[in-house]
Colleague: 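Mind having a look at this structure? Questions to follow.
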Number of protein chains: 2
Amino acid sequence: MTVTLADVAARAQVSPATVSRVLNGNYPVAAATRERVLRAVDDLEYVLNGPASSLAAATSDLVGILVNDIADPFFGIMASAVQSEITGPGGRAGGERMAVVCNTGGSPERELTYLTLLQRQRAAAVVVTGGAIEDAPHAAAIGGKLRRLGEAGSQVVLCGRPPADEAPDAVALTFDNRGGGRRLTDHLIGLGHRRIGYIAGPTERTTTRHRLEGHQEALAAAGVPDDPRLTLHGPYDRRSGYDATLELLRRAPELTAVVAANDTVALGACAALRDRGLTIPDDVSVAGFDDLPFSIDAVPALTTVRLPLYEAGARAGRIAMGREEEPPGGIATVHGELMVRGSTGAPRRA
Amino acid sequence: MTVTLADVAARAQVSPATVSRVLNGNYPVAAATRERVLRAVDDLEYVLNGPASSLAAATSDLVGILVNDIADPFFGIMASAVQSEITGPGGRAGGERMAVVCNTGGSPERELTYLTLLQRQRAAAVVVTGGAIEDAPHAAAIGGKLRRLGEAGSQVVLCGRPPADEAPDAVALTFDNRGGGRRLTDHLIGLGHRRIGYIAGPTERTTTRHRLEGHQEALAAAGVPDDPRLTLHGPYDRRSGYDATLELLRRAPELTAVVAANDTVALGACAALRDRGLTIPDDVSVAGFDDLPFSIDAVPALTTVRLPLYEAGARAGRIAMGREEEPPGGIATVHGELMVRGSTGAPRRA
DNA sequence: CCATGCGTAGCAAGCGCTTTCTATTGGGGA
DNA sequence: TCCCCAATAGAAAGCGCTTGCTACGCATGG
């Protein structure tokens, strides 16, 4: 039925061992023999049996990339970068690693499922992107899984996620969300804003918490009171930004600025302000986070914190492949850059 | 070193066969025995060896999703939809299928590589998204690979790609790019536009060609001459839209509308027009394609053709899982909907 | 009281490949 | 001329799991 190594061997008049060696290319095989084998492979349209090969060799060429939401460019960009470092530029068939991205949808159960599946497949490496859930049992479960993955020989790299206590040998490339949040609000305060709404991401996520803490830090440093009614939580989507902005306007019509958890949320905020007849930034300034590609095309262009998503992903990919040295202590912080654009300005209604 | 089935069997005082059956759950095992086995699994932190299991069972639970560019929401949305139908909502560990997305970067070689890799892994199904390359050798190579995948037992579904002659048993969910392009330009002509620039995608891609053909069809139907100098090709990115728009303006300053290959390109076009001091839509109308989430947030909101990406992806996923009947003849066309918004209007400078 | 059958569990033969160890060769140095 | 070694190919033992078939035991029915 299906063609096996033995069939190829028979046709090439050599032993299965020789065919295997030709295919793996890590053992001397005479040119003529190799030639003959390769022709047999072609003639028979032979395709290696992956499971059999992984079983015998006790290794696999799978690299898993976990993302929270594959439809969100934030993750898409990182995944694409990781992947570009895993798969060679040419994308050759032989001896290549195969990068697969797994969409957890932000669900800790699915995150765990995928990690188990990756462990089952004896993945060569696993890159986990995006913030972590702060629920203790889940964090412990996932941390434990990451540790076991590491022990089983998979290189584990966290990208845009704080280090996990339970998995000390995982490399972590952490985004400086707190610092970015701090600088963003500093900027707004510097412009003269005092009543600043904050639309945070979902609770219980490290990213959400860190960005919010940066914001609060800036308020505190400037002696601006932190009115808890001006902070709202919601998912990282446009809708959340829209609704929250309306609610903020209701709660505090005197608001002069809105900081959003990320650019997508900020876009929703802009839409809500426009629908209310308010001008950006004259009536209300808006700021985002991440600097996704579309942010520069918003009108006015969005002030935001640029995270080097592609660069960080690429670095994570290289570390996963063992092509770049791990940072000292296995931890590196990736900083964001404040991008001041048209969506923020001095408050008019001060 | 690593825990195997045999270790679990020993600890539970049963045979390996029984452990296997408990884990796969498709054979009667007494409750007490099952209990004992499960405890042993837990105690030992046993994780099934995927390759071994796939080898023995001659099947795998992998489902591959091929995308051209994972950082592009067009693909992200489809991938996310496919995946949501593959993985159960809960994301349970046992007996689940694992959806993996493979980023081809639009390179035919890498597309082929991934297909081979999936064939190696004996993937249960493969969903290929996005337009195909029209280069004959590549098309034949990929078509042949798809056919062989099908013959090897993988369910092959094309989503947003025309059927491949070489792979007759692959199900194809095709987007009506030609019809969408036609309606878009019809709309513009109806508004009174006669000098319409067209920023097409990369040459040699079915999507590019079909959308462009729709545009030309509309021009012809209205008796508007098709000036070839008004059609430019470029990649599906913002930069391309920006540059091409400047070039179009240079070639034909009297231009009153620009149709872009997709929304991302359209955003670039808008930016270029703004930078040139032109107003949308009073000076120049702009239209996109796809209706990606950010399109509604452009200012003015983008007129575009809405493609039901999520729905199509979900359907592809269900078909891949055998949970939905294949369309008659294995082919279904998915239509787009014209979304008229603020970025198009009657020409002022007519 | 023995034959029949159902409900469980075990045996053992692979699944298709990798890899260690061993065999065979031809050629050069002593 | 002979011996030894480098270069190359083969034999065979698994890798860890699944599954068809067999074996066992107990309850039932004739």
Side-chain angles (χ1 to χ4, degrees), chain A residues 1-38 40-41 44-62 94-95 116-117 119-122 124 152-153, chain B residues 1-38 40-41 44-62 94-95 116-117 119-122 124 152-153:
Chain A
M1 176 68 203
T2 60
V3 182
T4 72
L5 235 213
D7 299 330
V8 176
R11 181 170 238 266
Q13 318 246 54
V14 296
S15 73
T18 301
V19 178
S20 171
R21 299 204 258 245
V22 168
L23 261 25
N24 291 294
N26 46 14
Y27 191 89
V29 173
T33 314
R34 166 192 313 281
E35 197 55 33
R36 207 143 30 90
V37 169
L38 255 18
V41 166
L44 265 29
E45 291 191 336
Y46 171 68
V47 175
L48 196 65
N49 181 316
S53 150
S54 295
L55 172 59
T59 65
S60 104
D61 50 5
L62 252 202
T116 302
L117 255 16
Q119 190 183 354
R120 266 203 199 354
Q121 301 302 325
R122 308 297 189 251
Chain B
M1 176 66 204
T2 61
V3 182
T4 72
L5 237 212
D7 299 331
V8 175
R11 180 171 240 266
Q13 318 246 53
V14 297
S15 74
T18 301
V19 177
S20 171
R21 298 204 258 246
V22 167
L23 261 24
N24 291 294
N26 46 15
Y27 191 89
V29 173
T33 314
R34 166 191 314 281
E35 197 56 33
R36 207 144 30 90
V37 169
L38 256 19
V41 166
L44 265 30
E45 291 191 337
Y46 171 68
V47 175
L48 195 64
N49 181 316
S53 154
S54 295
L55 171 59
T59 66
S60 103
D61 51 4
L62 253 200
T116 302
L117 256 15
Q119 190 182 353
R120 268 204 203 347
Q121 302 301 326
R122 308 298 189 251

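We name chains A, B, ... by the order of the sequence lines, and we start the count at 1 in each one.
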Colleague: Round to a whole Å and report the spacing from CD of B:Gln13 to P of C:dA9.
Modeller: 13 Å
Colleague: What is the distance, rounded to the nearest whole Å, between atom CZ of B:Arg122 and atom P of C:dC15?
Modeller: 14 Å
Colleague: Would you kindly check whether a donor in the side chain of B:Arg21 faces an acceptor in the base of C:dG10, or vice versa, at under 3.5 angstrom?
Modeller: yes
Colleague: With a 3.5 Å cut-off and just heavy-atom distances, do the side chain of A:Tyr27 and the base of D:dA7 make a donor-acceptor pair?
Modeller: no
Colleague: So how far is it from B:Asp61 CG to A:Arg120 CZ, rounded to the nearest 0.5 Å?
Modeller: 7.0 Å
Colleague: Rounded to the Å, how far apart are A:Leu48 CG and C:dC17 P?
Modeller: 6 Å
Colleague: Could you tell me whether the side chain of B:Arg36 has a donor or acceptor atom within less than 3.5 Å of a complementary atom in the base of C:dT8?
Modeller: no
Colleague: Please state whether the phosphate of C:dG16, meaning OP1 or OP2, lies under 4.0 angstrom from any side-chain nitrogen or oxygen of A:Thr4.
Modeller: no
Colleague: Using a 3.5 Å distance criterion without hydrogens, assess whether the side chain of B:Ser60 forms a donor-acceptor pair with backbone atoms of B:Gln121.
Modeller: yes
Colleague: Check for a donor-acceptor pair, side chain of B:Ser20 on one end and backbone N or O of B:Pro16 on the other, with a separation under 3.5 Å.
Modeller: no
Colleague: Any idea which of C:dG16, C:dA9, D:dA12 is nearest the A:Ala17 side chain?
Modeller: D:dA12
Colleague: For A:Ala58, answer base if it contacts any base atom (sugar-phosphate contacts may also be present), sugar-phosphate if it contacts only those atoms, and nothing otherwise; contact means non-hydrogen atoms under 4.0 Å.
Modeller: nothing
Colleague: Could you state the atom-to-atom distance from CD of B:Gln121 to P of C:dG16 in whole Å?
Modeller: 15 Å
Colleague: Which of these passes side-chain contact (heavy atoms from CB on, under 4.5 Å) with B:Val8: B:Thr18, B:Leu48, B:Val41, B:Leu38?
Modeller: B:Val41
Colleague: Are any of B:Thr18's side-chain N or O atoms less than 4.0 Å away from OP1 or OP2 of C:dA9?
Modeller: no
Colleague: I want to confirm an ordering. Mapping B:Asn24 and A:Ser15 to their closest nucleotides on DNA chain D, which one lands closer to the 5' end?
Modeller: A:Ser15
Colleague: Report the distance from atom CG of B:Leu55 to atom P of D:dG14, rounded to the nearest whole Å.
Modeller: 17 Å
Colleague: Within the 4.0 Å heavy-atom criterion, would you say B:Ala30 contacts the bases, only the backbone, or no part of the nucleic acid?
Modeller: sugar-phosphate
Colleague: Taking the side chain of A:Val14 as its heavy atoms from C-beta onward, which of C:dG14, D:dG10, C:dC11 lies nearest to it?
Modeller: D:dG10
Colleague: Could you check whether B:Thr33 gets within reach of a base, just the sugar-phosphate, or nothing at all, counting any heavy atom under 4.0 Å?
Modeller: sugar-phosphate
Colleague: Using whole Å, report how far CG of A:Asp7 lies from C1' of C:dC15.
Modeller: 14 Å
Colleague: Could you walk me through whether B:Val14 and B:Val29 pass the side chain to side chain contact (heavy atoms under 4.5 Å, CB included) test, one step at a time?
Modeller: CA-CA 11 Å; B:Val14 297; B:Val29 173; over 6 Å; no
